[in-house]
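Atoms considered below: every heavy atom in the structure, side chains included; atoms not considered: hydrogens, waters and symmetry mates. Because the structure is predicted, anything quoted here is derived from the model rather than measured. Numbers restart at 1 for each chain; the letters A, B, ... are given by sequence-line order, proteins then strands.
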2 protein chains.
Amino acid sequence: MSGLSRFLSVLRCFDETKSNWTVQELADRLEVPTSTIYRTVRELSAHGFLEPSTEAHYRLGSAFVEFDRMIRVTDPLVQCGGPLMRDLAAEVGQPCVAVLARLYGDRVICAVDERYNGADLLTSYERGRPMPLVRGATSKAILAQLPARRLRKLLQPAFGSDAKKLASFRTELSNIRKSGYCITEGEVDPELRGVAVPVSSAALGISASLSLIVRANAMTESLERRMILLLVSSASMLAGSLGKAQD
Amino acid sequence: MSGLSRFLSVLRCFDETKSNWTVQELADRLEVPTSTIYRTVRELSAHGFLEPSTEAHYRLGSAFVEFDRMIRVTDPLVQCGGPLMRDLAAEVGQPCVAVLARLYGDRVICAVDERYNGADLLTSYERGRPMPLVRGATSKAILAQLPARRLRKLLQPAFGSDAKKLASFRTELSNIRKSGYCITEGEVDPELRGVAVPVSSAALGISASLSLIVRANAMTESLERRMILLLVSSASMLAGSLGKAQD
DNA sequence: CGTCAATTCCCGTAGTCTGAGATTCTGCGA
DNA sequence: TCGCAGAATCTCAGACTACGGGAATTGACG
């Protein structure tokens with residue numbers, strides 16, 4: 001345990017399950033002496049990564065909120081995509097959720113989510129939530145546009161040695177490349193249908209996708225066509241503005 | 001340079017001004033050997049705090065986005081306050097911005113900002129942005145509710161030895177305690193008027209405030225009364241649900 | 001396949017972190 | 001205001017890690 005991982009082993013303890021820890025609890029959980037955790041926690045607190053709450057408990061601190069804002073402010077994808085999303089979701093004229101997601105290392109993470117006024121859909125997509133890499137239209141539309149080498153590295157751990165599944169997945173991606181969009185149902189959230197199109201900016205090194213999610217039983221053929229059209233045109237606008245953007 | 005600060009000196013380089021750095025640039029800026037920065041950057045990347053972009057440049061990584069989500073998901077203030085904010089902003093019936101801010105260590109940081117449909121106000125308030133500690137209704141409403149000892153420590157660095165200013169500031173806070181709200185104009189953003197009320201939960205160790213911001217020239221006496229009423233009732237609802245919340 | 005920049009590796013040394021226990025601080029109730 | 005219990009910090013010698021300069025390797029691109 002050294003360098004950053006020392007600090008991360010502490011930070012990773014804070015999750016949905018338990019967001020409030022005492023030093024003693026952390027020490028027990030990590031099986032590290034109390035005095036060591038005290039030192040680590042003190043340093044994390046000093047830099048705003050942890051904050052004291054009540055009765056000797058600590059929770060995640062403001063530094064993360066600040067850094068996230070810094071990313072939102074400087075990320076061309078959020079800057080260019082944000083305004084587009086609101087219009088996009090409104091244009092559908094149905095309860096729906098618009099999502100702009102992005103490949104971040106080896107995971108797909110939602111960067112912007114826009115709920116259409118009145119949409120009470122229960123999607124898993126919300127900013128900052130890691131998404132399954134090989135399931136759902138959002139992720140597939142991203143993977144479909146990647147260069148072969150990058151793709152291979154990503155799929156390796158996901159499929160392991162199952163050559164058959166890997167081959168059929170590659171076929172699926174190839175179909176997305178041809179048609180320009182991807183539709184899936186229930187792969188991430190049950191009862192929901194997602195339509196996604198690829199978005200990318202080689203100049204910025206960003207691989208992303210733009211998706212719309214509606215209730216599966218609300219989907220009609222004409223709605224589907226409309227959604228695809230909306231997505232394709234929004235995506236090309238977005239790609240255009242990304243091209244001009246510089247960070 | 002040791003422990004966390006080694007990593008932070010790198011991370012702090014990434015700001016609005018420049019969000020995209022090469023290792024060489026970082027090394028020059030920090031006056032540290034290149035190989036050391038490479039190691040630091042590698043470690044930060046491995047944990048998702050930095051991400052390679054293009055041409056040997058790096059930018060802030062997805063870990064911050066994920067941790068921020070974790071905070072949003074687990075923070076009772078965001079959980080209880082979020083839904084309230086939308087209604088609050090809508091009720092005003094004027095272009096306005098609703099802000100829920102909070103004391104985080106020694107700084108006030110906005111936790112939720114809700115723009116009323118059609119409000120194009122240029123407020124500085126947005127989630128994650130650090131705010132001036134002693135200026136603006138939002139901050140003053142927070143400070144007004146703090147225990148004496150805590151307050152003293154916070155004001156020490158802000159006012160230094162200027163006992164006169166300190167005394168008048170304390171008087172101001174005392175007036176807020178009596179009236180239950182605070183109104184300021186142009187202290188943070190020119191031409192804007194803010195009304196704020198304190199919110200707190202002793203059980204959770206949270207000191208916060210709820211504010212509404214409108215254009216100064218749109219303010220009338222009756223609107224002001226309405227806003228104060230809305231804020232006071234929202235704040236008491238919020239305090240109530242915070243009391244029941246547990247993290 | 002060759003080129004050039006980006007990145008990693010190497011290794012002795014310097015300096016940091018570790019961990020157990022003693023010590024000091026702090027908040028809370030009387 | 002005082003005293004108490006738990007929280008937080010301090011101490012110190014020894015183990016281990018990071019540092020830094022330069023060589024070696026990788027990898028992208030033509």
*Asks:* Using whole Å, what does the distance between atom C1' of nucleotide D:dG20 and atom CG of B:Leu30 come to?
*Replies:*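 For the pair B:Leu30 CG and D:dG20 C1', the rounded distance is 15 Å.
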*Asks:* Is the Lys NZ or Arg CZ of B:Arg107 less than 6.0 Å from the centre of B:Tyr104's six-membered ring, within 45° of the axis?
*Replies:* no
*Asks:* In whole Å, I'd like the distance from the CZ atom of A:Phe7 to the P atom of D:dT17.
*Replies:* 15 Å
*Asks:* Picking from D:dG22, D:dA7, D:dC19, which would you name as closest to the side chain of A:Tyr38?
*Replies:*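 From the listed options, D:dA7 comes nearest.
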*Asks:* Could you check how far CH2 of A:Trp21 sits from P of D:dA7, rounded to whole Å?
*Replies:*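 That distance rounds to 16 Å.
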*Asks:* For A:Tyr58 and for A:Gly3, locate the closest nucleotide of DNA chain D by heavy-atom distance; then report the residue assigned to the nucleotide nearer the 5' terminus.
*Replies:*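 Of the two residues, A:Tyr58 wins.
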*Asks:* Quick one: does A:Ser174's side chain have a donor or acceptor within less than 3.5 Å of a partner on A:Arg170's backbone?
*Replies:* no
*Asks:* Quick one: which of D:dT9, D:dA8, D:dG20 gets closest to the side chain of A:Ala56?
*Replies:*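 Nearest to the side-chain atoms of A:Ala56, counting from C-beta on, is D:dA8.
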*Asks:* Could you state the atom-to-atom distance from CG of A:Leu50 to C1' of D:dA8 in whole Å?
*Replies:* 15 Å
*Asks:* Within this structure, what is the CD-to-P distance between B:Glu31 and D:dG20, rounded to whole angstrom?
*Replies:*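 Taking CD of B:Glu31 and P of D:dG20, I get 12 Å after rounding.
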*Asks:* For B:Ile37 and D:dG20, give me the distance from atom CD1 to atom C1', rounded to whole Å.
*Replies:* 12 Å
*Asks:* With DNA chain D as reference, determine whether B:Arg6 or A:Ser35 sits nearer its 5' end, using the nearest nucleotide of each.
*Replies:* A:Ser35
*Asks:* Going by ring-ring contact (aromatic ring centres under 6.0 Å, His included), A:Phe67 matches just one of B:Phe14, B:Phe64, B:Phe49. Which one?
*Replies:* B:Phe64
*Asks:* Which residue in the set A:Leu146, A:Val108, A:Val199 passes side chain to side chain contact (heavy atoms under 4.5 Å, CB included) when paired with A:Ser207?
*Replies:* A:Leu146
*Asks:* Write down the distance between CG (A:Leu26) and P (D:dA8), rounded to a whole number of angstrom.
*Replies:* 11 Å
*Asks:* When you match B:Thr34 and B:Arg39 each to their closest nucleotide on DNA chain C, which lands nearer the 5' end?
*Replies:*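 Upstream on the strand: B:Thr34.
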*Asks:* Quick check against the 3.5 Å criterion: does B:Glu187 have a side-chain atom that pairs as donor or acceptor with the backbone of B:Thr184?
*Replies:* no
*Asks:* Reading DNA chain C 5' to 3', which nucleotide is the first, and which the last, to come under 4.0 Å of any heavy atom in chain B?
*Replies:*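 Counting from the 5' end, contacts occupy C:dA6 to C:dG27.
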*Asks:* Give the rounded distance in Å between these two atoms: CD of B:Gln24 and C1' of D:dG21.
*Replies:*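 Those two atoms, CD and C1', are 14 Å apart.
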*Asks:* Looking at B:Thr36, I'd like to know whether one of its side-chain N or O atoms comes within less than 4.0 Å of OP1 or OP2 on D:dG20.
*Replies:*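 Looking at the OP1 and OP2 atoms of D:dG20, one of them is under 4.0 Å from a side-chain N or O of B:Thr36.
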*Asks:* Given 3.5 Å as the limit, does a donor-acceptor pair link the side chain of A:Ser236 with the main chain of A:Ser233, or not?
*Replies:* yes
*Asks:* Rounded to the nearest 0.5 Å, how far does CZ of A:Arg59 lie from CG of B:Asp75?
*Replies:* 6.5 Å
